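These notes are about the structure you will find just below.
This one's a predicted model, so the numbers in the text were calculated from it and none came from an experiment. Proteins come first, then strands; the chains are lettered A, B, ... in the order of their sequence lines, and each starts at number 1.
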Protein chains: 2
Amino acid sequence: MSSFQQLFSSKRRPQVSCESCSLGRLCIPQGLSEQEVELVSRIVTINRTLGKGDYLYHSGEWFHRFLALKSGTVKLVTLDGAGNEYVVDFVMPGELLGFDGLSGERYTCSAIALETVSYCELPPHQLERLGREIPKLSQILLQLSGSQFQLGIQRVVLSRRQADERLAAFLAHLSERHRKRGFSPTEFRLSMTRQEIGNYLGLAPETVSRLMSQFEASGLIVVQGKMVRILDMDGLLRFCPQ
Amino acid sequence: MSSFQQLFSSKRRPQVSCESCSLGRLCIPQGLSEQEVELVSRIVTINRTLGKGDYLYHSGEWFHRFLALKSGTVKLVTLDGAGNEYVVDFVMPGELLGFDGLSGERYTCSAIALETVSYCELPPHQLERLGREIPKLSQILLQLSGSQFQLGIQRVVLSRRQADERLAAFLAHLSERHRKRGFSPTEFRLSMTRQEIGNYLGLAPETVSRLMSQFEASGLIVVQGKMVRILDMDGLLRFCPQ
DNA sequence: CGGTCCCTTGAGTGCAATCAAGTGGAGTGG
DNA sequence: CCACTCCACTTGATTGCACTCAAGGGACCG
């Protein structure tokens, strides 16, 4: 079914461009002039669609494109020699995928759709070429890459904290990202399983579940399956130092 | 004493350039032509020196330069609201510092010398300007930034593993980095304390100490204070999956 | 020679993992 | 439409790894 979707969208290739994309202020166009965005628009392949569980790219595959997520959520995972999966990041609309291919010639992670996703493709070589004409573009790309490093630092700090602080910070971070995208920061759906949250936070899924119940008992949140409502954001933030 | 060193080196500004630097193949010059390296050389301030415990830059300071480490070791640390220190990375000669300033306008980490260090300075604005003339330079910078992301992924994987595996991987990684720099991969000095190793690995210093003794008892390594000799590299690597 | 800091080793504790059982909800097929 | 199945989630009981607390030893520096 999803391969059908892919085929369908490849053929259709609707002519919507970056100028009209509502995610521009989060994505590459941030800080580019209208004219420059138009140039970027030309090298972008737009509106591909994939279903839940589909791979946007595989670890080990040649790094041949950045992806700009338009809708849906993606998990970025890497594997060790024993086949264990490690969730490296969750990616939301307006964010770029592919930084794990930047240092070598191949991706080191796999990007997997957690629900139906749509995205644009940006060939790195063309981005690079365009970067010579638009210096600001190179700068933005470097800055976005720097943000990834920054996220890594945040994770280092988080990984040293107690289980409840990690989960509270995770929920607060999700809330903030929903807010930035114009969605409710207090009520949203978790697109990932408890297992995946636990993997991401370095916790057992049972621990995640227990903490959710604990937060609910404390009156901080209400949980109903994948839906979460935050009742007491301040209380949640009190768990997160910094 | 160290401020004296700094003053001294600032005045002297010896005219050694990137072309003659032995660390070129690890540092920025990798993949640049002789002519291009010459251009980079011109914007580099070379051979500053600092003593143990001195700051190369402070968290919160304006991001006004990349640093290329020439000798010595540096720890990159960040602080949380409670003043807890988190060791984000250890930096060795030939590696760049300053990626933590890339995403914003200020450094988010402090860079602290673990022993006497010497380094070069590269102003980001001039690097950026030069990047327009030398596209390869922008590419290298982006690639180096990507390597930082890659290191972050490695850490994610490592942080989920047992204490002994973390320490074994740490020692193996250090060994490899010494080898790449032409030093003995089997015998080297730890420039950081057990406390700092523990902080970096997410372990208590006592645990690091205990594991060192354990590795020694197993015949994997010999430890004498800060000196480490690796007797059985394969045995050490057997701890590290992947 | 004294002081300080770092390291080592021991004893006890606690937090989160593991093991195990049971519940609930979404999707499927009869 | 309902029963069935599967998978995710929840909750409980137990275990174990690494932390904390504590004390002693050793190296370096003034």
Original post:
For the atom pair CZ (B:F90) and CD (B:E196), what is the distance rounded to the nearest 0.5 Å?
Top reply: 5.5 Å
Original post:
Quick one: side-chain contact (heavy atoms from CB on, under 4.5 Å) partners of B:A168, sequence neighbours excluded?
Top reply: B:F215, B:L236, B:F239, B:C240
**OP:** Apply side chain to side chain donor-acceptor pair (under 3.5 Å) to B:S103 and A:S147, showing your working.
**Re:** CA-CA 5 Å; B:S103 67; A:S147 305; 4.5 Å; no
Original post:
Can you tell me how far C1' of D:dC9 sits from CD of A:E196, to the nearest Å?
Top reply: 13 Å
**OP:** Give a yes or no on whether a salt bridge exists between B:E95 and B:R181, defined as a side-chain N under 4.0 angstrom from a carboxylate O.
**Re:** yes
**OP:** Any chance you could list the contact pattern along nucleotides 24-30 of chain D? Use B for base contacts, S for sugar-phosphate-only contacts and - for none, protein heavy atoms under 4.0 Å, 5' to 3'.
**Re:** -------
Subject >> Inter-axis angle, terminal five-pair segments of the helix from C:dC1-D:dG30 to C:dG30-D:dC1 [nearest 10°] >> reply: 40°
Subject >> Salt bridge present between B:E85 and B:K75 (N-O < 4.0 angstrom) >> reply: yes
Subject >> Nucleic acid footprint by protein, nucleotides 3-21 of chain C - heavy-atom cut-off 4.0 Å, B for base, S for sugar-phosphate alone >> reply: ----SBBBB---SSSBB--
**OP:** Using the ring of A:Y200 (Phe, Tyr or Trp, six-membered ring only), decide whether A:R155 places NZ or CZ under 6.0 Å from its centre and within 45 degrees of its axis.
**Re:** yes
Original post:
Tell me, which pairs form a salt bridge (Lys or Arg N to Asp or Glu O under 4.0 Å) where one or both residues lie in residues 202-220 of chain B, sequence neighbours left out?
Top reply: none
Subject >> Interatomic distance where CD belongs to A:Q224 and P belongs to D:dT10 [whole Å] >> reply: 11 Å
**OP:** Identify the two heavy atoms, one from A:G202 and one from B:R160, that lie closest to each other, and give their separation to 0.1 Å.
**Re:** CA-NE, 3.6 Å
Subject >> Modelled atom types, side-chain donor and acceptor of A:S71 and A:S118, under 3.5 Å >> reply: yes
Original post:
D:dT11 C1' sits how many Å from A:Q214 CD, rounded?
Top reply: 13 Å
Subject >> Any residue meeting side chain to side chain donor-acceptor pair (under 3.5 Å) with B:S159, in chain and number order, not counting sequence neighbours >> reply: none
